[in-house]
Amino acid sequence: MPLCGSNKHVIPDNGDGHQSLDLMDGKLVKEDVFPCLSRGSDAFRVYLTSSELILQSVKDEQTIERFQLEDLFGCHTLKHAKKANEPGAYLCFYMYPKNKRSGILSSVKSRERTPLVFLVQKPGKSFKENLEFATKWKDETLKHLRSLFPVWLNYKPFKSSSGSVHTTHEEDTVGQNLSDSRNYLTTTPEFSVAISSYHLLQRRYLVILNPKSGQGKSISIYRDKVAPILQEAGIKAELFITERAGHANSFVSTANFHDLHGICTVGGDGLLFEVVNGLRSRPDGSQIAHIPVGVIAGGSGNGLARSLASYTGESSDYLKNPVLSTTLAVARGRVVQVNLTEVDLDEKRLFSFLSAGWGLLADIDVESEILRPIGEPRFTVWSLLRLMKLKTYRAQLSYIPCSHVSEKPVIREPIPETDVGDISARTSIEGDFISIYSSIQSYIGSDLIFAPKATANDGRIHLTFIRSNAGRACATQFLLALDKGTHTNINGVTYVAVKEFSLQSKGGIGGNLVIDGERVSAEKMIVRISPTPLNVFSM
Ligand code: ADP
Ligand code: MG
């Protein structure tokens, strides 16, 4: 047993006196003895601290298991379905600690579902009393979990106790208050109802699913792997299955979002692109734009989800099991802000959370569609074909570089300032290009690290281009180096971090103009960072 640490709790020993249990930095909240059904019904002394759940075997006090509250994704109280007369209530904690090795030789650990089920059955107490007792444990645990990971508060107007209608303001929902719900509770009593009722009531998410995404298995993925986790996390999910391309966009552009805590997509970047643009096109878009969106990686291209996993140290979990990793992020309900770009195309404006480009990479993205049944390898296969038939595109490319490219640390908290301050002069190049491609996140696919220096909201567009005279050898090296992120070092490839760029076709837009992997049509495209970022669920 660890005996070090400043914050110790004295516990009785079997034999000679007392020993201390290291609470690390946590404060003891509750302790009791329960049989644990997921540990052979042995009795355990259970300690809930402000940061951990600690199990100490009653039989052998040296046996201690520690679970971080940050690995808890749901907590329920239940009644045994088959033991109608049993007075005991069940208290379940759904933990996903990182304790399973990714491979026999691997030292990397990945998250594994570890339910802890306790029987709460106090002598002489009725089921109702035991349930009340178990519910207090649940509420107390969720309260501490929420102070570690506050959930996004609803934007909807709701009545305060005085009967007046108070609408949450932008800053209330995503600003500093989000990072400290305890402070929030004490300073704005009206909202204490919303926060404390969260522990008792369910969160409500709209889940939009593209049944054609990836290899067409999204429905069974959702039913078997996603829905159970959302349910355990206390999320009421309302499922909307798209029937055609554009359906998600038209649905979210008119749907009633009263009382909604988030929208998550099951599909690829293309589905999220529809959702983001549908939301921003609404007349009440400026308010609705704050609803957090989440991605459950069911597509063949999930650049945003992959990037978020890399920023939060979840890369190996993501690569091992993208559906589990992204579902847990959505279930946790923690929100971060990511950059969005405004893309002006001839007559209309679209919003992009990932990439925009023209030429080689864009063509591979779109044309590989016919190889969809093979999954993500379609991009590699099509790259080889496209290199054999290399094309060039005449364009005027114009950009405003960010004057200094600062290396920012991993984003764990929302809203750092973007560095759009001092800018140097606009650069314009007219000529033939093999590829022009940009991203505002690090990964554009599972193993395509397009902008290794990118962070979630650094205010920079990472632009690369290859002029026609660089030739096929350069284009080949460029594609081969994308999985290592070393493509920007290749002779003939220009990389520049910009705050804005424009692309004007000279002599016809042949090829594919692509935003977030989706084909668009225009003669001219202007891409700049949007002043309103996107709120996304992230670990
Ligand atoms: P993937 O990553 O596998 O490409 P996406 O979610 O990005 O999956 O979707 C690919 C395309 O499918 C997008 O253009 C999207 O608009 C379109 N789409 C969405 N729903 C449907 C549907 N029900 N039938 C056909 N296409 C759809
Ligand atoms: Mg796609």
Side-chain angles (χ1 to χ4, degrees), residues 245-246 269-270 273-274 277 301 303 340-370 379 382-383 385-401 425-440 444 448 450-451 460-472 474-476 478-479 482 487-488 492-530:
D269 290 317
F273 179 71
E274 284 197 29
N277 281 284
L340 202 62
T341 57
E342 296 170 352
V343 184
D344 288 339
L345 298 166
D346 299 348
E347 306 285 274
K348 68 173 171 187
R349 171 168 292 181
L350 291 173
F351 292 87
S352 156
F353 53 84
L354 188 66
S355 58
W358 190 40
L360 181 64
L361 260 189
D363 288 349
I364 293 168
D365 220 343
V366 171
E367 292 165 4
S368 66
E369 183 64 33
I370 57 166
F379 299 113
W382 205 262
S383 299
L385 294 171
R386 257 323 243 92
L387 281 170
M388 288 193 279
K389 276 177 41 188
L390 200 61
K391 295 182 197 160
T392 60
Y393 303 91
R394 177 153 295 239
Q396 181 175 45
L397 173 67
S398 174
Y399 56 86
I400 302 172
R426 180 179 287 273
T427 303
S428 260
I429 306 164
E430 189 170 332
D432 293 319
F433 294 84
I434 291 171
S435 178
I436 299 172
Y437 203 88
S438 72
S439 172
I440 49 173
I444 54 170
L448 298 175
F450 185 83
R460 297 177 288 167
I461 303 167
H462 303 266
L463 174 70
T464 64
F465 58 89
I466 305 174
R467 306 287 303 271
S468 63
N469 55 10
R472 180 177 286 120
C474 171
T476 308
F478 173 74
L479 292 178
L482 271 173
H487 52 288
T488 52
V493 177
T494 305
Y495 162 76
V496 58
V498 304
K499 62 168 298 220
E500 179 184 321
F501 76 93
S502 71
L503 187 58
Q504 166 98 55
S505 130
K506 298 281 172 183
I509 195 79
N512 298 287
L513 198 58
V514 167
I515 304 177
D516 296 350
E518 297 297 295
R519 191 176 181 189
V520 294
S521 60
E523 288 293 311
K524 184 169 183 187
M525 168 163 95
I526 304 171
V527 184
R528 65 175 80 82
I529 297 286
S530 163

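All of these numbers come straight from a predicted model, not from anything done at the bench.
Contact check for Leu463 versus Ile436: side-chain heavy atoms found under the 4.5 Å cut-off. For the pair Glu500 and Tyr399, the minimum side-chain heavy-atom distance is 4.5 Å or more. Looking at heavy atoms from C-beta onward, Asp269 lies in side-chain contact with Phe353 at the 4.5 angstrom threshold. For the pair Val496/Thr427, no side-chain contact is recorded, criterion being any heavy-atom separation below 4.5 Å from C-beta on. Looking at Phe478 and Leu361, their side chains come closer than 4.5 Å, going by heavy atoms from C-beta outward. Residues Lys499 and Ile529 fail the side-chain proximity criterion, which asks for heavy atoms closer than 4.5 Å.
In this structure, Tyr393 OH and Leu513 CG are separated by 11.0 Å, a value rounded to the nearest 0.5 Å. To the nearest 0.5 Å, atoms CZ (Phe433) and OG1 (Thr392) are separated by 11.0 Å. Atom OG1 in Thr476 sits 10.5 Å away from atom CE in Met388 (nearest 0.5 Å). One finds the CD atom of Glu369 at 11.5 Å from the CZ atom of Arg519 (value rounded to the nearest 0.5 Å). Here the straight-line distance linking atom NE2 of His462 with atom OG1 of Thr488 works out to 11.0 Å at 0.5 Å rounding. Atom CG in Leu350 sits 5.0 Å away from atom NZ in Lys348 (nearest 0.5 Å).
The closest donor-acceptor contact from the side chain of Arg467 to the backbone of Gly492 lies at 3.5 Å or more, if one exists at all. Remark: side-chain polar atoms of Gln396 are not paired, donor with acceptor, to backbone N or O of Glu430 under 3.5 angstrom. The backbone N or O of Gly270 sits nowhere less than 3.5 Å from a side-chain atom of Asp516 that would complete a donor-acceptor pair. Between the side chain of Asp365 and the main chain of Glu518, no donor-acceptor pair closer than 3.5 Å is present. Within the 3.5 Å criterion, the main-chain N or O of Ala356 finds a donor-acceptor partner in the side chain of Ser438.
Heavy-atom minimum distance, Cys474 versus Val493: SG-CG2, 3.8 Å. Nearest heavy atom pair, residue Glu274 against residue Gly246, reads OE2-N, 2.8 Å. Of all non-hydrogen atoms in Glu523 and Asp346, the two that sit nearest each other are N-OD2, 2.9 Å. The two atoms that bring Arg349 and Asp344 nearest to each other are NE-OD1, 2.7 Å, heavy atoms only. Closest of all the heavy-atom pairs between Ala475 and Ile434 is CB-CG2, 4.2 Å. For the pair Arg472 and Leu390, the tightest heavy-atom approach, listed with the atom from each and the gap, is CA-CD2, 3.6 Å.
Applying the side chain to side chain contact (heavy atoms under 4.5 Å, CB included) rule to Leu448 yields the partners Ile444, Leu482; only residues at least two apart in sequence or on another chain are considered. Not counting sequence neighbours, the partners of Phe450 by the ring pair (Phe, Tyr, Trp, His ring centres under 6.0 Å) test are Tyr437, His487.
Among the candidates Asn512, Leu503, Leu397, Asp363, the single residue satisfying the side-chain contact (heavy atoms from CB on, under 4.5 Å) test with Trp358 is Leu503.
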- Would you check, one step at a time, whether the test side chain to side chain contact (heavy atoms under 4.5 Å, CB included) holds for Leu354 with Phe273? CA-CA 9 Å; Leu354 188 66; Phe273 179 71; over 6 Å; no
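A donor and an acceptor atom, one from each side chain of Ser439 and Ser355, are nowhere located under 3.5 Å apart.
Within the structure, salt bridge (Lys or Arg N to Asp or Glu O under 4.0 Å) contacts touching residues 352-361 (residues at least two apart or in different chains) do not occur.
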